[in-house]
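Since the structure comes first, as structure tokens, the remarks are kept for the end.
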Amino acid sequence: SVDYSQVELRLAAEMAGICALKTAFKQGQDIHTITASQVFETPIEDVTPEIRRQAKAVNFGIIYGISAFGLAKQLGTDNKTAGDFIKRYLARFNELESFMTAKKEEARAHGFVRTVEGRKCFIRGINDKNGSVRQFAERQAINAPLQGTAADIMKIAMGGMDYALKQAGLHAKMLLQVHDELIFEVPKDELEATSAVVKRVMEEAASDFDVPLIAEAGSGASWADAH
């Protein structure tokens with residue numbers, strides 16, 4: 001089993017041009033600790049596990065358009081505290097807020113947004129008079145370019161996988177794709193070599209990006225064991 005690590009968060013940093021997060025990813029730093037340090041203006045060594053947990057929740061939630069209510073529920077806090085955290089996050093990473101605004105405007109103007117590869121993701125209800133329908137569509141407009149680009153990258157990797165394995169003289173069979181993960185059946189004596197080839201193909205599927213994509217491998221007698 002080989003899966004992309006934090007792929008949508010990496011794509012958000014890349015596509016929105018978030019300088020601080022791009023630098024953190026390129027340097028291999030713990031992205032949640034860096035985020036907590038940036039948002040709370042706290043030295044990295046002073047970031048507590050609790051603050052890191054809050055930063056992690058926002059990191060993963062913000063690209064889905066998480067609300068103060070949703071974040072408060074995750075963190076077990078009140079709406080005001082969660083809302084203030086989101087505001088601080090967007091103020092610190094203002095490039096992301098600009099990206100989110102641009103994608104909503106793009107969807108309103110055209111009825112769709114595009115992935116990096118140019119594929120159209122149609123957004124229904126973006127101009128609906130019903131506020132809840134419209135807000136749901138706005139969240140889709142923000143996330144679709146990220147999820148869609150991740151899907152495009154995965155298909156590029158899959159497209160080159162069979163050739164790469166054959167070129168390496170390996171006999172692995174690609175069985176399944178699950179979101180950002182590929183699952184293979186591999187001869188035991190080829191496990192290490194196969195892992196290296198699969199990781200390379202997946203990581204090079206977006207080699208022109210500034211933010212590196214990282215693929216992580218695991219193995220076992222079952223899919224569960226491989227995790």
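Starting from 1, each residue takes its place in the sequence as its number. All of these numbers come straight from a predicted model, not from anything done at the bench.
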Which heavy atom of [X] sits nearest a heavy atom of [Y], and at what distance?
| X | Y | value |
| --- | --- | --- |
| Arg114 | Pro145 | O-CB, 3.7 Å |
| Asp225 | Gly220 | CB-CA, 3.8 Å |
| Ala68 | Asn79 | CB-O, 3.6 Å |
| Met202 | Ala215 | CB-CB, 4.1 Å |
| Ala172 | Leu165 | O-CD1, 4.1 Å |
| Ala55 | His32 | CB-O, 3.4 Å |

>> Quick check: Phe85 with Tyr89 (ring centres under 6.0 Å apart)?
In response: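 No, the ring of Tyr89 stays outside the 6.0 Å limit from the ring of Phe85, centre to centre.
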Hey, is the main chain of [Y] close enough, under 3.5 Å, to the side chain of [X] for a donor-acceptor pair?
| X | Y | value |
| --- | --- | --- |
| Asn143 | Ile63 | yes |
| Ser37 | Thr42 | yes |
| Thr81 | Thr77 | no |
| Thr115 | Arg119 | yes |

Got more than 12 heavy atoms from elsewhere within 6.0 Å of [atom1], [X]?
| X | atom1 | answer |
| --- | --- | --- |
| His179 | NE2 | no |
| Gln177 | CD | yes |
| Phe136 | CZ | no |
| Lys87 | NZ | no |
| Arg53 | CZ | yes |
| Glu41 | CD | no |

> Does the side chain of Tyr4 pick up a donor-acceptor pair with the side chain of Glu203 at under 3.5 Å?
Replying inline: no
> Can you find a side-chain donor-acceptor pair between Glu117 and Thr149 that sits under 3.5 Å?
Replying inline: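 The answer is no; no qualifying pair exists.
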Nearest 0.5 Å, please: how far is [atom2] in [Y] from [atom1] in [X]?
| X | Y | atom1 | atom2 | value |
| --- | --- | --- | --- | --- |
| Leu175 | Trp223 | CG | CH2 | 11.0 Å |
| Thr35 | Ile18 | OG1 | CD1 | 9.0 Å |
| Gln29 | Ile44 | CD | CD1 | 5.5 Å |
| Glu97 | Arg92 | CD | CZ | 13.5 Å |
| Ile123 | Ile142 | CD1 | CD1 | 10.0 Å |
| Ile153 | Met158 | CD1 | CE | 14.0 Å |

Output yes when [X] and [Y] qualify as a salt bridge under the 4.0 Å nitrogen-oxygen rule, no when they do not.
| X | Y | value |
| --- | --- | --- |
| Asp128 | Arg134 | no |
| Glu138 | Arg108 | yes |
| Glu14 | Arg10 | no |
| Asp162 | Lys166 | yes |
| Lys103 | Glu106 | yes |

> How about Glu181 and Leu176: do any of their side-chain heavy atoms sit closer than 4.5 Å?
Replying inline: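 Answer no - side chains too far apart.
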> Is there a side-chain contact between Gln6 and Phe60 (heavy atoms, below 4.5 Å)?
Replying inline: yes
